[in-house]
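Every chain is numbered from 1, with letters handed out A, B, ... down the list of sequences.
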There are 2 protein chains.
Amino acid sequence: MPHDGPVDAVDARILLELAEHPRATTLAVADRVGISRNTAQSRLARLERNGALESFEHRIAPAALGYPLTAFITAQVTQRLLDEVAAALADVPEVLQVQGISGPVDLMIQVVAGDADDLYRIAGRILAIPGVERTNTALVMRQLVDYRITPLLRRALR
Amino acid sequence: MPHDGPVDAVDARILLELAEHPRATTLAVADRVGISRNTAQSRLARLERNGALESFEHRIAPAALGYPLTAFITAQVTQRLLDEVAAALADVPEVLQVQGISGPVDLMIQVVAGDADDLYRIAGRILAIPGVERTNTALVMRQLVDYRITPLLRRALR
DNA sequence: CCGATAATGAGCAATCTGCTCAATCACGGA
DNA sequence: TCCGTGATTGAGCAGATTGCTCATTATCGG
C-alpha cells in the first residue's frame with residue numbers, strides 16, 4: 001500500500017489535468033479543477049519546487065531523429081568499476097538511460113539505433129567498455145502500453 | 001549509421017534549445033537559433049505535425065505521488081495471448097509502460113510501487129494474468145544515466 | 001476562541017501567442 | 001539562364017497569459 005506522497009487530492013487533480021491536457025494554461029487548469037488562478041499558480045510553483053512536476057519538458061521522438069530502433073541492453077559489470085562503466089556509457093550518444101538494477105544483471109541500458117547494424121555496433125561499443133563482462137540485447141518490437149502516469153493520478157483522487 | 005531523419009540541422013538546433021531550456025518561448029528559441037519568429041513558429045508546428053516533438057508534456061515524478069520504487073518486470077507469455085495480456089497489464093495502475101521485446105523473454109514491464117510489499121503484490125497480480133507464464137523482477141537501485149536526448153541532437157548538428 | 005496558513009478576487013504591466021500579409025530569398029527543373 | 005515553388009522574413013494586431021502584489025476571507029488545529 002503506497003504511503004501518501006506530498007501531494008494532496010487537489011494537487012493530484014491539477015497534475016491529472018496537466019497530464020491529460022499538456023498545453024492547458026494555468027487559467028484553464030484552475031477553472032477545470034475549480035480553484036482560483038492564484039491558488040493554481042502557487043500550487044504549481046510548489047509542485048515544481050518539490051520536484052513532483054518537472055516544469056514542462058519537451059519529449060522528442062528518437063525516431064524522428066533517424067533512430068527508429070529501441071533496445072534494452074542488460075549488462076553484467078565488474079562491481080568495482082560500476083561508476084567508470086556508467087561514465088563510459090554516458091559518452092555513448094545512443095544511450096538514453098542507464099539504471100543499476102538488482103539481480104544477476106547489473107545494468108539496464110536503454111539505447112536507440114538507426115538500424116540493425118547500428119545497434120550491433122553500439123552493443124559492441126558497450127561490450128568493449130572496461131568492466132563490462134557480458135551484455136544481452138533485447139530489441140523493442142512493439143509498444144504495448146505507452147508510458148503513462150494518469151492511472152496513478154486517478155487513484156490518488158479516491 | 002543512422003539514416004537522416006526528417007529533421008534538418010536547423011530543426012535539430014531548435015529541438016536542442018527546447019531540450020535544454022524547456023520553458024523557452026518561441027521567441028527566445030528563434031533568437032537563440034538565429035531565425036525569425038515566423039520561421040521558428042512554422043518549424044515548430046511542422047515538428048509537432050511530424051510527431052518529432054510531442055508539444056510539451058509534463059513529466060510527473062512517481063516518487064512524489066508516493067511510489068518511490070521502480071522496477072523492471074520481464075515476463076514470458078503465451079504468444080497467442082499477447083494482446084490479452086497487454087490489455088490486462090494496462091489495467092494495473094502501477095504499470096507505467098509495457099514493451100514487447102525480442103529474445104527469450106517477451107515483455108518488458110516498467111512498474112512503480114510504494115514499497116517492497118507493494119511491489120511483491122504487483123508482481124503477483126501480473127503473474128496471475130492468464131497467459132503470463134513466468135516473471136522476473138529487477139528493482140531499480142540507482143539512476144546512473146538520467147534519460148536524455150541531447151547527445152543525439154548534438155550529433156545531428158554536425 | 002484564536003492564530004497561522006491557505007485560498008480568493010482584483011488589478012496591472014509586460015509578454016507571448018496565433019494569425020495574416022506582402023516582400024524577399026533559395027534552389028531545382030525546364 | 002529564367003521561372004516557379006516553397007521557405008524565410010519583417011511587420012503588425014487583437015486577445016490571452018503570465019508574474020506579481022495587495023487586501024480580504026476561509027479553513028483547520030491547538
Side-chain angles (χ1 to χ4, degrees), chain A residues 2-61 63-66 150 153-158, chain B residues 3-61 63-66 153-158:
Chain A
H3 60 74
D4 269 14
V7 307
D8 61 15
V10 176
D11 283 340
R13 289 176 63 193
I14 292 175
L15 292 174
L16 183 55
E17 195 59 32
L18 282 178
E20 293 183 333
H21 309 289
R23 337 193 43 151
T25 63
T26 306
L27 244 136
V29 172
D31 277 351
R32 280 309 221 92
V33 177
I35 55 181
S36 77
R37 181 170 82 96
N38 276 353
T39 305
Q41 207 159 12
S42 73
R43 277 182 178 265
L44 280 171
R46 178 160 46 113
L47 286 170
E48 285 193 31
R49 275 200 311 277
N50 291 350
L53 182 61
E54 306 186 7
S55 68
F56 6 19
E57 83 173 20
H58 297 266
R59 181 144 286 251
I60 295 161
L65 268 44
T150 46
L153 290 170
R154 287 225 175 69
R155 160 182 286 195
L157 291 186
R158 293 179 319 179
Chain B
H3 59 75
D4 270 13
V7 307
D8 61 15
V10 176
D11 283 339
R13 289 176 63 194
I14 292 176
L15 292 174
L16 184 55
E17 195 60 31
L18 282 178
E20 292 182 334
H21 309 289
R23 338 193 44 150
T25 63
T26 307
L27 245 138
V29 172
D31 277 352
R32 280 306 222 95
V33 177
I35 56 181
S36 76
R37 180 170 83 96
N38 276 353
T39 305
Q41 207 160 13
S42 74
R43 277 181 179 265
L44 281 171
R46 179 160 46 112
L47 286 170
E48 285 193 29
R49 274 200 312 277
N50 290 349
L53 180 62
E54 305 187 6
S55 67
F56 11 8
E57 83 173 22
H58 297 266
R59 181 145 286 251
I60 294 160
L65 268 45
L153 289 170
R154 288 226 175 67
R155 161 182 285 193
L157 292 184
R158 294 178 320 181

Open item on the list: I'd like to know if the side chain of B/Asp8 reaches the main chain of B/Val10, judged simply by a donor and an acceptor atom lying under 3.5 Å from each other, with no hydrogens or angles considered.
Closed with: yes
Open item on the list: Rounded to whole Å, please give me the gap between CG in B/Asp8 and P in C/dA26.
Closed with: 16 Å
Open item on the list: Quick check for you: among C/dG9, C/dC16, C/dA7, whose closest atom lies nearest to any side-chain atom of A/Ser42?
Closed with: C/dA7
Task: Protein-nucleotide distance (A/His21, atom NE2; D/dT17, atom P), rounded to Å - done: 15 Å
Task: Nearest-angstrom distance from the residue atom CG of A/Leu27 to P of D/dG15 - done: 17 Å
Task: Spacing between B/Leu44 atom CG and D/dT8 atom P, to the nearest angstrom - done: 12 Å
Task: Upstream residue (5' side of DNA chain C) when A/Arg23 and A/Thr39 are each assigned their closest nucleotide - done: A/Thr39
- [ ] Drop me the distance from A/Arg46's CZ to A/Asp11's CG, to the nearest 0.5 angstrom.
- [x] 5.0 Å
Task: Side chain of B/Ser36 (C-beta onward), nearest among C/dC16, C/dT8, D/dT8 - done: D/dT8
Task: Side-chain donor/acceptor of A/His58 to backbone N/O of B/Pro22, under 3.5 Å - done: yes
Task: Spacing of A/Asp31 atom CG relative to C/dA7 atom P, expressed in whole Å - done: 16 Å
Task: From D/dT18, D/dG10, D/dA7, nucleotide with atom closest to B/Arg43 side chain - done: D/dA7
- [ ] Considering just the side-chain nitrogens and oxygens of A/Thr25, establish if one lies under 4.0 Å of OP1 or OP2 belonging to D/dT17.
- [x] yes
- [ ] Nearest whole angstrom, please: distance from the P of D/dT8 to the CZ of B/Arg13.
- [x] 13 Å
TODO: Give the nucleotide from the list D/dC22, D/dT18, C/dC16 with an atom nearest to the side chain of A/Thr26.
DONE: D/dT18
- [ ] In whole angstrom, give the distance that lies between atom CD1 of B/Ile35 and atom P of D/dT9.
- [x] 7 Å
Open item on the list: Looking at B/Arg59, I'd like to know if its CZ atom is crowded, meaning that more than 12 non-hydrogen atoms belonging to other residues, nucleotides or ligands lie closer than 6.0 Å.
Closed with: yes
TODO: Using only side-chain N and O atoms of B/Gln41, determine if any of them is under 4.0 Å from OP1 or OP2 of C/dG18.
DONE: yes
Open item on the list: Counting distance alone, no hydrogens or angles: does the base of C/dG11 have a donor or acceptor under 3.5 Å from a partner atom on the side chain of A/Arg37?
Closed with: yes
- [ ] Determine yes or no for a side-chain-to-main-chain donor-acceptor pair under 3.5 angstrom, with A/Arg13 supplying the side chain and A/Val33 the backbone.
- [x] yes
- [ ] Specify the residue among A/Asn38 and B/Asn38 whose closest nucleotide of DNA chain C lies further upstream toward the 5′ end.
- [x] A/Asn38
